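Below is one structure, written out as structure tokens, with a few remarks after it.
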Protein chains: 2
Amino acid sequence: MAFEEEQKIFNSFVKEKGLKQSKQRDDILLTFLKTEKHLTADELHSLVKKKNSSTGIATVYRTLKLLCECGLSSELRFGDRAVRYEHFYGHEHHDHLVCVKCGNFIEAVDPEIEKLQERLAKKVNFSLQGHKLLMYGVCSKCKK
Amino acid sequence: MAFEEEQKIFNSFVKEKGLKQSKQRDDILLTFLKTEKHLTADELHSLVKKKNSSTGIATVYRTLKLLCECGLSSELRFGDRAVRYEHFYGHEHHDHLVCVKCGNFIEAVDPEIEKLQERLAKKVNFSLQGHKLLMYGVCSKCKK
DNA sequence: GTTGAATTTGATAATCATTATCATAATTAA
DNA sequence: TTAATTATGATAATGATTATCAAATTCAAC
Ligand SMILES: [Mn+2]
Ligand SMILES: [Mn+2]
Ligand SMILES: [Zn+2]
Ligand SMILES: [Zn+2]
């Protein structure tokens, strides 16, 4: 595992905030980093429990919040109920094309779309900080 | 009030589905149409109760689902918890720039962005049906 | 208009994701 | 080691939405 960089970011952030390190947070961070998916808190909790079955779901929620705050993770909301978390640090920004039939999604980015969003924001005197673009439709597999 | 067109759409849809008309649904539809806002089910329920205080929240949820199905309304999810509903019929498609400071939003659309989304979808052999673009940042008022 | 089968309704319970609470355990600076 | 502070996990609480169900209503057929 070569997540020293991410771990350093997290530990520095925790210290900066006057918080303390813990075994649970380390486990949760490592499990999150090892799993290159868009997980819900519950799914991540299941994975973490394989290593340390006593870890509580509340701590997973608390840690995910910290991961988002320090820039290692980012929230994602598809149509379904639960929030999903994806890797943020060291990952290019991308948008998602979600298939309404199978639920799978494709990650993609169009630099021109990104630029035009800036232009659109300027037009209404809005300081753009970020965006979430979800495209819905049918993926190639589901088109039969 | 000149919502005959919308009411006709709704009543036809209800009949098509083998459902029945009701006073409550009529009230909810009219209140929704009169209020040109992005309401939550709860907010709409409050408005409807001013006319008919006995209307239940469950019926508001049920009716909003029908309104979305027949194309009169459309769901909207900002960062907050509750789903919001906006007018869909007779309204141009638009995206939203949400201010992270005051919570207000601007509606805007860029035809070029729309086109480029189609191009992006084609590139990955995806049949695009729709999209939700949320842009986050600071609005002109909050910039001081 | 009456009837009767089907749908609708509102109150309320249930669900689901998330957050709050709190007593106990772990961390850490001194 | 101490002692103050934070972290943890079990569990309760919350908030939005959905499910349940008995009673009310709609409406097509008589
Ligand atoms: Mn992604
Ligand atoms: Mn809008
Ligand atoms: Zn698919
Ligand atoms: Zn603002």
Side-chain angles (χ1 to χ4, degrees), chain A residues 7 10-32 38-70 73-85, chain B residues 7 10-32 38-70 73-85:
Chain A
Q7 287 172 310
F10 184 62
N11 291 335
S12 303
F13 175 78
V14 162
K15 178 160 276 182
E16 289 274 318
K17 271 202 119 185
L19 306 179
K20 295 169 177 173
Q21 288 190 241
S22 81
K23 182 74 173 53
Q24 286 91 333
R25 283 177 180 162
D26 293 348
D27 284 352
I28 292 166
L29 173 58
L30 264 185
T31 306
F32 173 74
H38 298 63
L39 296 170
T40 63
D42 203 60
E43 289 164 352
L44 181 56
H45 183 224
S46 298
L47 292 174
V48 170
K49 278 200 296 187
K50 288 182 183 170
K51 283 287 167 191
N52 184 347
S53 65
S54 70
T55 306
I57 182 74
T59 299
V60 174
Y61 275 107
R62 290 187 278 239
T63 304
L64 280 170
K65 188 158 289 178
L66 293 175
L67 295 187
C68 288
E69 283 180 52
C70 72
S73 180
S74 165
E75 290 191 358
L76 205 57
R77 293 159 196 266
F78 292 171
D80 45 342
R81 207 76 187 288
V83 173
R84 290 183 174 276
Y85 296 85
Chain B
Q7 287 172 310
F10 184 62
N11 291 334
S12 303
F13 175 78
V14 162
K15 179 160 277 184
E16 290 272 320
K17 271 201 121 185
L19 306 178
K20 294 170 178 174
Q21 287 188 239
S22 80
K23 181 75 174 55
Q24 286 90 334
R25 283 177 181 161
D26 293 349
D27 284 350
I28 292 166
L29 172 57
L30 263 185
T31 305
F32 172 75
H38 297 64
L39 296 170
T40 63
D42 204 60
E43 288 164 351
L44 181 56
H45 182 225
S46 298
L47 292 174
V48 169
K49 278 200 294 189
K50 287 182 183 172
K51 282 288 169 190
N52 185 346
S53 65
S54 70
T55 305
I57 182 73
T59 299
V60 173
Y61 274 108
R62 290 187 279 239
T63 304
L64 279 170
K65 188 159 286 179
L66 293 176
L67 296 186
C68 288
E69 283 180 51
C70 74
S73 181
S74 167
E75 289 190 358
L76 206 56
R77 293 159 196 265
F78 292 170
D80 44 343
R81 207 75 189 289
V83 173
R84 290 183 175 277
Y85 297 85

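Note that the structure is a prediction, hence the values are computed from the model and not measured. In what follows, chains are A, B, ... by sequence order, proteins preceding strands, each numbered from 1.
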Tell me the interatomic distance from [X], atom [atom1], to [N], atom [atom2], rounded to whole angstroms.
X	N	atom1	atom2	value
A:Leu29	D:dA7	CG	P	15 Å
A:Asn52	D:dA7	CG	P	17 Å
A:Glu43	C:dA17	CD	C1'	13 Å
B:His45	C:dT9	NE2	P	12 Å
B:Leu66	C:dT9	CG	C1'	13 Å
A:Leu39	C:dA17	CG	P	14 Å
A:Lys49	D:dG9	NZ	P	11 Å
A:Leu64	C:dA17	CG	P	15 Å

So for the helix from C:dG1-D:dC30 to C:dA30-D:dT1, with five pairs setting each end axis, what is the inter-axis angle to 10°?
30°
Taking A:Thr55's backbone N and O only, do any of them form a donor-acceptor pair with A:His45's side chain (distance below 3.5 Å, no angle check)?
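Yes, A:His45 side chain to A:Thr55 backbone: donor-acceptor pair under 3.5 Å.
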Which heavy-atom pair separates [X] from [Y] by the least distance, and what is that distance?
X	Y	result
B:Tyr85	B:Phe32	O-CE1, 4.0 Å
B:Ala82	B:Thr40	CB-CG2, 3.9 Å
B:Leu39	B:Glu43	CA-OE1, 3.4 Å
A:Glu69	A:Lys17	OE1-NZ, 2.9 Å

Scoring nucleotides 17-30 of chain D by protein non-hydrogen atoms under 4.0 Å (B base, S sugar-phosphate only, - none) yields BB-B-----BS---
Gap between atom CD of A:Gln21 and atom CZ of A:Phe10 - 0.5 Å precision
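Here the rounded value is 8.5 Å.
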State, with a plain yes or no, whether a side-chain heavy atom of [X] is found less than 4.5 Å away from one of [Y].
X	Y	value
B:Leu64	B:Glu75	no
B:Leu19	B:Arg25	yes
A:Thr63	A:Gln24	no

